[in-house]
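Written below as C-alpha cells is the structure these notes are about.
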Amino acid sequence: YILPPVMAAQLACLMFQLLALWALYGIGRRTGGKELGYALVILYAGSSYVLGLGSDTFLAGGLVYVSHIAPTAMLLLAVYFLHRPFVSGSFVAAAAGVLFFPVFFYPLFFGWHFWRDRSAAMRSLAGFVLVGGQIGLMVILFTGTLDGKGPIALLLESTLEHQEGFSSREYGQSPFSFWGNFPGLAAFWQTPLVGETSLFKPTFLLFSTWCLAAFFLVRGRSLPEFALMLASLAAALQLWKTHAAGTYVEWYYPFLLIGLLGRS
C-alpha cells in the first residue's frame, strides 16, 4: 500500500462519518420521528464496531479504517435519497467507487423503484450508469500498466483477486475468518469450481444469486424492510469475503438498526 498523509485520511474518514450520521438521522426521522433519528445516530456512532475494537497499539475496524466507514456512508445516502431515484442510483455507484462491494447491491435498489414506478427505475439506472461510468473512466485514464497488465486487469487484481486470491500478498488464505477456521469446508465452498477466479467460488455464486433475488423480493416492501434486506446482503457478503471475521459489522449494522427500529 502507498499510504496517504495521516491527516488527509483522518479528515476523509471524518467527512464520510458525518455524512453517514446526517443520512441516518434523516432516515430515522422519516420512519419514526426525531426520537428515532437521534436513537439511530447514537446507536451507530456509539457502537464499539464503529469506534474500533482492539487496544492502544492496534485497532480492528471502525473509524481507524476509512474502508469500513466510507461505503456505508454512501449507501446510507442512497437510502436517504430513495425518493429521488437519480440521486439514489448515483450514490450507489459512488459507494462502489470508494469500495467495490456495493455494486452487488444495486439490483435491490433498482427493484425498489422498478416495482413502484418504472420511470423512477430508469432514472435510478441513469444515475447509477452515469456516475459509475465516470468512475470507471477515471480508473481507465489514470491507471497505467504494470507487468504487461492494463487498467481493467489491474482493477480486478486489486479488488476481487486481492481479497480472494491465494498469493502471499492476498487474503484468500487468511486465517482470520470463518473459512480460516474450517479449511475442510473452505476446500469446497471457497475453491473455484472452474478456473482460478474467485467469481466461480460456490460462496460467490450463492451471494450473487441472493443479490439478484433481492430485485424480486423487494417488491411491496416498506422502507424498514428494504433496510433489512440491504443488511442481509452486506452480511452475506462476509461469508464470501475470505478475510471477514466479524470486523465489518459497520457495513450492515446501521441498516439492521433502521429495519428493527423503523416503522413500516
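Computed from a predicted model, the values in this text were never measured in an experiment.
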Donor-acceptor contacts, no H, no angles, side chain residues 60-82, under 3.5 Å, sequence neighbours left out:
unit_1, atom_1, unit_2, atom_2, d
Y65, OH, L59, O, 3.3
H68, ND1, T247, O, 3.1
H68, ND1, E250, OE2, 2.8
T72, OG1, E250, O, 3.0

Inset, instruction - Spell out, as yes or no, whether a donor-acceptor pair under 3.5 Å connects the side chain of S208 to the backbone of L205. - result: yes
Inset, instruction - Following the transitive rule for hydrophobic clusters with a side-chain heavy-atom cut-off under 4.5 Å over Ile, Leu, Val, Met, Phe, Trp and Tyr, establish whether L233 and L199 coincide in one cluster. - result: yes
Inset, instruction - Count the heavy atoms of every other residue, nucleotide or ligand shown that sit under 6.0 Å from CZ of R30, and state whether that count exceeds 12. - result: yes
Legend entry - Sidechain-backbone polar pair: S48 side chain, L53 backbone, donor-acceptor under 3.5 Å: no
Legend entry - Closest contact, heavy atoms only, A227 versus G259: CB-N, 4.0 Å
Inset, instruction - Kindly compute the distance separating CD (Q238) from OG1 (T203), expressed to the nearest 0.5 Å. - result: 13.0 Å
Legend entry - Mutual orientation of the aromatic rings belonging to F215 and F110 [parallel < 30°, tilted 30-60°, perpendicular > 60°]: parallel
Legend entry - M138, CE atom: more than 12 neighbouring heavy atoms under 6.0 Å: no
Legend entry - Verify same cluster id: F188, L206 (apolar side-chain graph, 4.5 Å): yes
Inset, instruction - Report the relative orientation of the aromatic rings in W251 and Y248; use parallel for angles under 30°, tilted for 30 to 60°, perpendicular for over 60°. - result: tilted
Legend entry - CA sep, side-chain torsions, deciding dist, call: Y25, L40, side-chain contact (heavy atoms from CB on, under 4.5 Å): CA-CA 7 Å; Y25 172 78; L40 292 178; over 6 Å; no
Inset, instruction - Please round to the nearest 0.5 Å and tell me the distance separating atom CE of M229 and atom CZ of F255. - result: 14.0 Å
Inset, instruction - Search all heavy atoms of L36 against all heavy atoms of G262 and return the closest pair with its distance. - result: CD2-CA, 3.7 Å
Inset, instruction - Report the relative orientation of the aromatic rings in W240 and F100; use parallel for angles under 30°, tilted for 30 to 60°, perpendicular for over 60°. - result: perpendicular
Inset, instruction - Report, as yes or no, whether the 6.0 Å neighbourhood of atom CZ on F216 holds more than 12 heavy atoms from other residues, nucleotides or ligands. - result: no
Legend entry - Minimum heavy-atom distance L130-F86, with the two atoms named: CD2-CZ, 3.8 Å
Inset, instruction - Count the heavy atoms belonging to other residues, nucleotides or ligands that lie under 6.0 Å from CZ of R123, then report whether that count exceeds 12. - result: yes
Inset, instruction - Check whether NZ of the Lys or CZ of the Arg R118 lies under 6.0 Å from the centre of the six-membered ring of F114 and within 45 degrees of that ring's axis. - result: yes
Legend entry - Nearest-0.5 Å distance, OG1 of residue T191 to CH2 of residue W179: 10.0 Å
Legend entry - Gap separating the CG atom of L18 from the CZ atom of F16, nearest 0.5 angstrom: 11.5 Å
Inset, instruction - Say whether L217 and L230 are linked into one hydrophobic cluster, either directly or through other cluster members, by side-chain heavy-atom distances under 4.5 angstrom. - result: yes
Inset, instruction - Taking Y106 for its side chain and L125 for its backbone only, find out whether a donor-acceptor pair lies under 3.5 Å. - result: yes
Inset, instruction - Please round to the nearest 0.5 Å and tell me the distance separating atom OG of S232 and atom CG of L108. - result: 8.0 Å
Legend entry - More than 12 heavy atoms of other groups within 6.0 Å of R116 CZ: yes
Inset, instruction - Measure centre to centre between the rings of Y49 and Y253, then say whether the value is under 6.0 Å. - result: no
Legend entry - Exercise: identify the closest heavy-atom pair between V139 and T143: O-OG1, 2.5 Å
Legend entry - ILVMFWY network linking L99 to I135, side-chain heavy atoms under 4.5 angstrom: no
Inset, instruction - Return the orientation label for the F109 and F226 ring planes: parallel under 30°, perpendicular over 60°, tilted otherwise. - result: perpendicular
Inset, instruction - Hey, could you give me the CZ/CG distance between F200 and L193, rounded to the nearest 0.5 Å? - result: 9.0 Å
Legend entry - W22 CH2: over 12 foreign heavy atoms closer than 6.0 Å: yes
